[in-house]
Protein chains: 2
Amino acid sequence: MTDESQLRRQVVEAADRLFYAHGVQAVGMDAVRAEAKVSLKRLYSLFASKDDLVIEVLRFRSRQWDTGIAATAEGARTPREKLLAVYDFLGLWFEQDGFRGCAFINSFGELGGVSPRVAEVVRRQKADFQRYVADLVAQTGAPPSLAPQLALLAEGAQTTAAIAGDSAAAADARRAAETLIDAALAAGAAR
Amino acid sequence: MTDESQLRRQVVEAADRLFYAHGVQAVGMDAVRAEAKVSLKRLYSLFASKDDLVIEVLRFRSRQWDTGIAATAEGARTPREKLLAVYDFLGLWFEQDGFRGCAFINSFGELGGVSPRVAEVVRRQKADFQRYVADLVAQTGAPPSLAPQLALLAEGAQTTAAIAGDSAAAADARRAAETLIDAALAAGAAR
DNA sequence: TACAGTAGAGAACGAACGTTCTCTAGGCAA
DNA sequence: TTGCCTAGAGAACGTTCGTTCTCTACTGTA
């Protein structure tokens with residue numbers, strides 16, 4: 001049982017590496033098998049189909065994102081700093097070797113039009129992030145309309161960094177976020 | 001000759017519809033043939049391979065984007081209004097039936113990892129847009145650092161609207177852009 | 001009418017892929 | 001040791017897809 005869940009994780013991580021680097025459809029199940037160092041039989045005993053594996057990989061990425069964001073927020077004290085920490089987190093990520101954008105956005109572009117399950121997982125992930133930002137915005141006392149604006153910056157930074165191959169988008173987004181937060185707080189205070 | 005270029009356009013538009021709706025790899029050349037109402041032989045006499053067709057479709061989208069943005073800017077007088085018109089353009093696009101995000105971002109996610117040609121076309125398209133925004137920013141007199149911030153909002157709006165299936169992202173981006181532009185101009189004036 | 005050339009329809013080919021099946025070797029109980 | 005069960009390696013199967021080939025019908029010309 002523990003052995004099985006450990007194997008599942010091993011396969012999911014291997015598939016995640018390959019899917020992220022090359023795209024889902026460009027990676028065959030045999031390549032996943034080789035990367036995960038499992039037999040094809042075992043692979044199909046752990047996941048009924050490639051579709052199921054793809055969904056599991058996305059859920060895995062989702063958990064990774066959550067813990068990464070939470071860890072970065074740890075180092076920040078005020079809600080404002082926690083919000084800005086999101087962009088610092090993005091900056092570190094963009095610098096990593098093999099960064100190729102947001103796996104959810106990529107998967108949505110590739111499979112969202114044909115796989116409702118993929119579309120749903122991606123939608124949920126993005127909705128969760130919107131909620132996370134909205135909570136922090138509420139804690140700053142700024143009006144709720146600030147939250148989607150800050151989320152837009154984060155989404156835009158991910159695609160821009162991926163396509164331009166330049167991590168500067170994180171710093172750009174952070175500076176824009178500072179301006180927006182300060183303006184929102186000033187507008188609130190003036191009222 | 002004119003006949004040939006007209007046929008090419010007919011095929012490119014058909015392929016664009018299918019690729020955009022379902023993703024490139026989910027659409028076979030036979031489906032393109034059916035949608036374009038051409039024979040397979042003719043199809044391959046117009047485009048040497050599916051790869052070539054994909055590139056041509058992206059270039060077609062690129063021209064469409066350029067003319068769309070230019071047309072929207074027509075109705076605006078000041079550089080500031082031209083910048084904000086970008087988000088109005090996005091808003092109209094998001095409302096259209098079958099909107100499924102930015103074709104360049106989608107293609108990059110699907111094929112960027114395996115096709116350098118696709119990655120290059122996407123990169124160029126996004127760089128052109130950055131330049132367009134930077135030109136307008138310069139005309140407003142705001143510091144150049146404002147430009148990538150405004151571009152981030154546009155990129156983020158496209159993915160957010162696609163995934164959430166909600167066109168509100170355009171209005172969010174527009175409001176954020178107004179705030180950023182005003183803040184940048186105020187900071188410049190204060191100096 | 002006879003014929004050459006062209007283009008369409010779609011069959012055919014070869015490769016790749018998701019999935020299943022077969023064969024074999026190794027471990028373990030009796 | 002003998003027999004049984006499991007699991008790995010990878011062959012095999014059925015399908016899909018990109019691309020090419022074949023056959024047929026039609027057009028225009030002499």
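On a predicted model such as this, the values are computed, not experimentally measured, just so you know. Computed from heavy atoms alone, side chains included, the values below leave out hydrogens, waters and symmetry copies. All chains are named by letter (A, B, ...) in the order of the sequence lines, taking the proteins before the strands, and each is independently numbered beginning at 1.
If you take CG of B:Leu53 and C1' of D:dC17, they are 15 Å apart, rounded to a whole angstrom. Between B:Asp51 atom CG and D:dT19 atom C1' the separation is 13 Å, expressed in whole Å. Atoms CG (B:Leu43) and P (C:dA7) sit 15 Å apart, rounded to a whole Å.
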Under-3.5 Å N/O pairs linking protein and nucleotides 15-18 of chain C:
{"unit_1": "C:dG18", "atom_1": "OP1", "unit_2": "A:Lys50", "atom_2": "NZ", "d": "2.5"}
{"unit_1": "C:dG18", "atom_1": "OP2", "unit_2": "A:Met29", "atom_2": "N", "d": "2.7"}

Restricting both atoms to N or O, compile the protein contacts to nucleotides 8-10 of chain C shorter than 3.5 Å, with distance only.
{"unit_1": "C:dG8", "atom_1": "OP1", "unit_2": "B:Arg42", "atom_2": "NH2", "d": "3.1"}
{"unit_1": "C:dG8", "atom_1": "OP2", "unit_2": "B:Ser39", "atom_2": "OG", "d": "3.3"}
{"unit_1": "C:dG8", "atom_1": "O6", "unit_2": "B:Lys41", "atom_2": "NZ", "d": "3.0"}

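In this structure, the separation between CG on A:Asp88 and CZ on A:Arg174 is 4.5 Å, given to the nearest 0.5 Å.
Here B:Arg63 does not pair with B:Asp66 in a salt bridge; the nearest charged N to carboxylate O distance is not below 4.0 Å. Classification of A:Glu13 and A:Arg9 as a salt-bridged pair holds, one side-chain N sitting under 4.0 Å from a carboxylate O.
Under the ring pair (Phe, Tyr, Trp, His ring centres under 6.0 Å) criterion, A:Phe60 pairs with no residue at all, not counting sequence neighbours.
Between A:Phe94 and A:Phe99, the ring-plane angle classifies as tilted under the 30° and 60° cut-offs.
Taking both residues in full, the closest heavy atoms of A:Pro148 and B:Asp172 are given as CB-OD2, 3.4 Å, listed atom of the first, atom of the second, then distance. Considering all non-hydrogen atoms of both residues, B:Ser49 and B:Tyr44 come closest at CA-CE2, 4.3 Å.
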Q) Run the ring-ring contact (aromatic ring centres under 6.0 Å, His included) check on B:Trp65 and B:Phe129 step by step: do they pass? A) CA-CA 9 Å; B:Trp65 169 272; B:Phe129 177 62; 5.6 Å; yes
